Amino acid sequence: MASQSVQIQDKVRRLLSRSNGKPVLRPNRPLSLKDSVANRKLTKEATCVTEMSLMMACWKQNNFVDDLCSSEVQSFFSCVKAAQAALKTKTTAVGQDTGHLPPKQATTLLKRFPNLRTEI
């Protein structure tokens, strides 16, 4: 893995060098990483979609009478309860074992340990 990154760096260095006349690559921005990360919210995947669609299909067939669709409604609520419990346990472990950092924490670390601003 390390030798592959060295090979890539050598190739970029050759393409950017002026020893053979004009450089082949002419970057429009400096080839260095920023000291911040875009502050995007983490997207949450939809849960219990199949249970909700089954419940709504049952309601439509039975003219929106809850008594006739009690098993579908119950399965949807149990799925929601399980999803909320899983989300609660997941939020306590954010950034510890998942391998992903929230954008705010990544920006804090990048500002503490800034990247070199010189090109390769």
Side-chain angles (χ1 to χ4, degrees):
M1 180 97 173
S3 65
Q4 186 179 14
S5 65
V6 171
Q7 290 173 349
I8 292 172
Q9 288 177 351
D10 287 339
K11 188 172 185 177
V12 170
R13 195 175 291 119
R14 256 187 290 121
L15 290 173
L16 290 174
S17 71
R18 293 183 185 259
S19 62
N20 301 336
K22 281 186 166 182
V24 178
L25 284 178
R26 192 165 164 235
N28 56 357
R29 294 182 185 166
L31 296 177
S32 60
L33 297 175
K34 291 184 175 182
D35 290 333
S36 63
V37 176
N39 195 11
R40 295 185 182 140
K41 291 184 178 179
L42 300 173
T43 58
K44 297 177 184 174
E45 60 185 50
T47 56
C48 306
V49 175
T50 55
E51 286 83 359
M52 183 171 52
S53 63
L54 287 172
M55 179 180 68
M56 289 183 174
C58 180
W59 278 345
K60 189 173 183 179
Q61 287 176 351
N62 297 314
N63 293 328
F64 300 97
V65 178
D66 278 334
D67 296 336
L68 299 174
C69 301
S70 61
S71 63
E72 284 83 358
V73 172
Q74 196 64 29
S75 68
F76 173 69
F77 283 135
S78 64
C79 179
V80 168
K81 190 178 284 187
Q84 286 176 345
L87 183 67
K88 198 176 281 188
T89 59
K90 187 177 180 182
T91 56
T92 58
V94 166
Q96 294 173 357
D97 296 331
T98 59
H100 296 285
L101 291 175
K104 195 171 190 178
Q105 191 175 6
T107 300
T108 306
L109 286 173
L110 285 171
K111 287 189 180 196
R112 190 183 310 165
F113 305 106
N115 293 307
L116 298 176
R117 286 289 180 194
T118 60
E119 293 184 10
I120 299 173

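Worth saying up front: this structure is predicted, and the values here are computed from it rather than measured.
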Quick one: closest heavy-atom pair of F76 and M55, and the distance? CD2-CE, 3.8 Å
Got a sec, which residues hit side-chain contact (heavy atoms from CB on, under 4.5 Å) with [X], two or more places apart in sequence or on another chain?
| X | result |
| --- | --- |
| C69 | C58, W59, N62, E72 |
| K104 | none |
| A83 | T47, C48 |
| A82 | none |

Joining Ile, Leu, Val, Met, Phe, Trp and Tyr whenever any side-chain heavy atoms lie under 4.5 Å apart, the cluster holding V65 also takes in L68
For L110, the hydrophobic cluster (side chain heavy atoms closer than 4.5 Å, chained through members) also holds V37
Tell me whether M56 is reachable from V80 by hopping between hydrophobic residues (I, L, V, M, F, W, Y) whose side-chain heavy atoms are closer than 4.5 Å. yes
Common cluster, V73/L54, ILVMFWY with side-chain heavy-atom separation under 4.5 Å: no
Among all residues two or more places apart in sequence or in another chain, which pass the salt bridge (Lys or Arg N to Asp or Glu O under 4.0 Å) test with D10? R13
